[in-house]
J.: 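Take this structure, written in structure tokens, and hold onto it; I'll ask about it next.
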Amino acid sequence: MLKITDLHASINGTEILKGLNLEIKAGEIHAIMGPNGAGKSTLASVLAGKEDYEVTSGAITFEDQDLLEMSIEERAREGVFLAFQYPVEIPGVSNVNFLKTAMNEIREHKGMPALSAKDFLRLVKEKSALVDLDASLASRAVNEGFSGGEKKRNEIFQMAMLEPKLAVLDETDSGLDIDALRIVAGGVNTLKSANNATLVITHYQRLLDHIIPDFVHVLYDGKIVKTGGKELALELEEKGYDWIKSVE
Amino acid sequence: MVELIALNKAEIKYSTVQNWYPGDKEGKGGVFNFVTKRGLCEAHAKISWTQVETGSAVTWKYPSCILKGDYSVGEFFSVAVTNNFQQADTGTKMVHLGKHTKSTIISKGISAGHSQNSYRGLVQIQKQAAHARNFSQCDSLLMGSVSGAHTFPSIECKNASAQIEHEATTSKIGEDQLFYCQQRGISEEKAISLIVNGYCKEVLNQLPMEFAVEAQKLLSISLEGSVG
Amino acid sequence: MSGTLIDFCKQLEPTALKLPASLLQAARDGVEFQHHFPTTREEPWKYTRLGRVAALKLTPVKINQSAERLAASETIDIIFEQETWHCAEPTAGLHINFSADLDASAWNACTLQGHVQHINALSAQGGVAIRVDANTKLIKPLRIIHRLQGAHTGLILHHQLILGNHASAQVEVFFEGTSEDSYANVLFDFFIGAGANLHTDMLQQTKGTHYGFHTQRIYQQKDSTVALQTLTAHTHFTRNEVEVFSQEEGTHTQLYGAFIGRENNHIDNHTYVHHTAPNCTSDENYKGVLADKATGVFNGKVKVYQDAQKINAYQSNKNILLSDLATINAKPELEIYADDVKCSHGSTTGQLDQHALFFLRARGISETKATDMLIKGFMAEIVGAVKSSHIQEALHALLD
């Protein structure tokens, strides 16, 4: 589904990713762990197409298409979803209106008719229950005045609505208490299928107690330096990132 | 010229959506729109001006309220969008004469292209206007590196029991907001329209239903081609 | 020798300064002083009447310079007293001269804006030229004291402070003494070199029916930092014009001000920040407390020129009226021609927090004491930004 080959990316002339390789197949859950500054969030931003980052060399193919050639919204319409580490507030724009616009643009892209108001609302109700999101939040402005946990649950709610092929969760666990963490993870697990894939980016192992990864990669200094199964996360938790540095 | 007089306990809501021909992309042609609008409030009366200005090559318009009666209320809600070579210079005057008078000013300016967009206003609290209150919020959104956004408020206060608050902000349209929308599959043009409409919500909410729908469409149309 | 300000200006022309001909002509054209004083119909003078100033009968102060050096103290002192300049021995890298030595090259950067500056350009009788060499960090603060006295005196001074690249200095400026029916027009030009750092605290507290006009023009080069605190207390008439020219990238400017008026005081603060270069910040915070029949004016303008992207400009003006006869006129203005900017301003006018007042009184504090405490609290942000211990003390005394 996703293939990253020798990816180099920089911001303001500073190289952050220095030859990253990664392949994700449908039905898989991958976790990327690493110390602060390793390039975890850069990877998420590059996948989504954030313009501040410059890809200097390497390739990313998504469903056999060149992802780097696509605009931000094309990537989203093709099924790349980024759950933001810091979800953005958009004053005056209601969550419902925002999502309806997004869904219908994606459906139009796929040649599907726009959703009726009734079907849309039914979907909102169904999916918001999944992450225990208060229905009243749907009518409030996007992320405005939401607590940290509500923002993250809202991200997963949007993910449930948009049904992406590849979901990239960028430090979704940061700032979450244990209950919220369980709800968010529960949402992600329910949405899991044989046709989609998930990339979990995290600093800590605790999220991976709830979302069990098939593969764990350690990102250090812009490269994946170690790959293993879910037990690698536990080992990292125990030994800390210094262990990886010394291995290197 | 529009004059409103609200007698005791009367209430007037005057809503305008202005969409005269703004001239072409090079700034040729277009209507010059110079308007005088003023209102007088007697005791407990209320005048509320709401305007959405998207048209005309040049607009000068300052709907005003003279709050003569005690406990009278004046409101001004405005959205002014300028694109290409348009100029909008608009605002309000709130003259507080009566006791316990109250005024609210919400102004949202959006400038794109080569346009210039100014808020110019006066809040005047006269000596006898005890316990007068005013709140003003003037925000400007910039969408082109050659457009201008200006704020010229005047506040004159001669009474110690008055409470006046004025706030203004000027900023570029949020890159992170655009990115967020686009990441959810929304095109840039549509994302701008969403964000701008959200930005103007406080004012658009003041419009009667059928006007509000019209106004939202107008905002999107006015800003067409302002991207990039 | 005595006459009106206009006679006085004519008498003094040509100026003691070596003004380039073009600037002199601009000033002359600007003043047109045969028949013209700005009226309240002109925007910069909308709230300040000059009728009384135009009618003043003035005699120019004769300025002398004492050959004796002042004794060394915690500050490097420059004192104008009894019509005479007294000066301490400068430390290494610091040069203090009187107006004959004003650096003419610095004039090239000058602009002339409006009546006050025109009069100064035409008729300045002298001033102090201070230069701090590049890379010199002054350890002791410079203290410049203007001790005014007498009646019907006219004093027009033009000071210049040049900070070399990467130099730093702390300056304290005082206007004090008692003077009746008199006029002073004192201008400072601050030329701040690349990477240099200037901190200036200015206290204006001249007593008597004195008309004080003050101009601070600040020219900032790349990556320089300036903090200017302008504090005006209980003066009969003060007009402050602060103009900042952020000419190169990476400058930071802080303009703080406090104006405390009572009786018939009239205190007018005009500020104008020109952002012509990208990646700069400015932070402005002015607070006014007006009692009795005092009038305060705040007119702050921030202009961001086209291509001056990534500007972060903030402007705040808060006022408290303590009497129904006091007046405040506030005009915080933003003029923006670049798009990638963050600018905001806020202005509030009101009275002391009645809940807080009640709370303090409920704890047994007298109303007067409680009021003083709240005013002190209101002014704390500004007073806190003052580095000069002399001025800090004076402010505490004024607010008590």
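Everything numeric in this text was worked out from a predicted model, so none of it was measured.
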J.: Heavy-atom cut-off 4.5 Å, strictly under: side chain, backbone, both or neither for A:Pro87 against chain B?
T.: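 For A:Pro87, heavy atoms of backbone and side chain both lie under 4.5 Å from chain B.
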J.: Checking heavy atoms, do the side chain of B:Cys200, its backbone, both or neither come under 4.5 Å from chain A?
T.: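 Neither the backbone nor the side chain of B:Cys200 comes within 4.5 Å of chain A.
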J.: Check whether any side-chain heavy atom of B:Phe179 sits under 4.5 Å from a side-chain heavy atom of A:Val88, and report yes or no.
T.: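 No. Closest side-chain heavy atoms not under 4.5 Å.
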J.: With rounding to the nearest 0.5 angstrom, report the CD1 to CG distance, A:Ile90 to B:Leu178.
T.: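 Interatomic distance, A:Ile90 CD1 to B:Leu178 CG, rounded to 0.5 Å: 8.5 Å.
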J.: If you count the non-hydrogen atoms of other residues, nucleotides and ligands that lie under 6.0 Å from CG in A:Asp64, is the total more than 12?
T.: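 No, because the 6.0 Å sphere around CG of A:Asp64 holds 12 heavy atoms or fewer from other groups.
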J.: To check you understand the geometry: which heavy-atom pair defines the closest contact between B:Gly185 and A:Ala76, and what is its length?
T.: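 Reported closest heavy-atom pair: N-CB, 3.2 Å.
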J.: Show the pairs of one donor and one acceptor atom, one from chain A and one from chain B, lying under 3.5 Å apart.
T.:
{"unit_1": "A:Glu73", "atom_1": "OE1", "unit_2": "B:Gln182", "atom_2": "NE2", "d": "2.8"}
{"unit_1": "A:Arg77", "atom_1": "NE", "unit_2": "B:Gly185", "atom_2": "O", "d": "2.7"}
{"unit_1": "A:Arg77", "atom_1": "NH2", "unit_2": "B:Gly185", "atom_2": "O", "d": "3.0"}
{"unit_1": "A:Val80", "atom_1": "O", "unit_2": "B:Gln183", "atom_2": "NE2", "d": "2.9"}
{"unit_1": "A:Leu82", "atom_1": "N", "unit_2": "B:Gln183", "atom_2": "OE1", "d": "3.0"}
{"unit_1": "A:Leu82", "atom_1": "O", "unit_2": "B:Arg184", "atom_2": "NH1", "d": "2.9"}
{"unit_1": "A:Leu82", "atom_1": "O", "unit_2": "B:Arg184", "atom_2": "NH2", "d": "3.3"}
{"unit_1": "A:Glu89", "atom_1": "O", "unit_2": "B:Gln177", "atom_2": "NE2", "d": "3.0"}
{"unit_1": "A:Glu105", "atom_1": "OE1", "unit_2": "B:Ser187", "atom_2": "N", "d": "2.9"}
{"unit_1": "A:Glu105", "atom_1": "OE2", "unit_2": "B:Lys190", "atom_2": "NZ", "d": "3.4"}
{"unit_1": "A:Asn143", "atom_1": "ND2", "unit_2": "B:Tyr180", "atom_2": "OH", "d": "3.2"}
{"unit_1": "A:Glu155", "atom_1": "OE1", "unit_2": "B:Arg184", "atom_2": "NH2", "d": "2.6"}
{"unit_1": "A:Glu155", "atom_1": "OE2", "unit_2": "B:Tyr180", "atom_2": "OH", "d": "2.2"}
{"unit_1": "A:Glu155", "atom_1": "OE2", "unit_2": "B:Arg184", "atom_2": "NH2", "d": "3.4"}
{"unit_1": "A:Gln158", "atom_1": "OE1", "unit_2": "B:Arg184", "atom_2": "NE", "d": "2.5"}
{"unit_1": "A:Gln158", "atom_1": "OE1", "unit_2": "B:Arg184", "atom_2": "NH2", "d": "3.4"}
{"unit_1": "A:Gln158", "atom_1": "NE2", "unit_2": "B:Tyr180", "atom_2": "OH", "d": "3.3"}

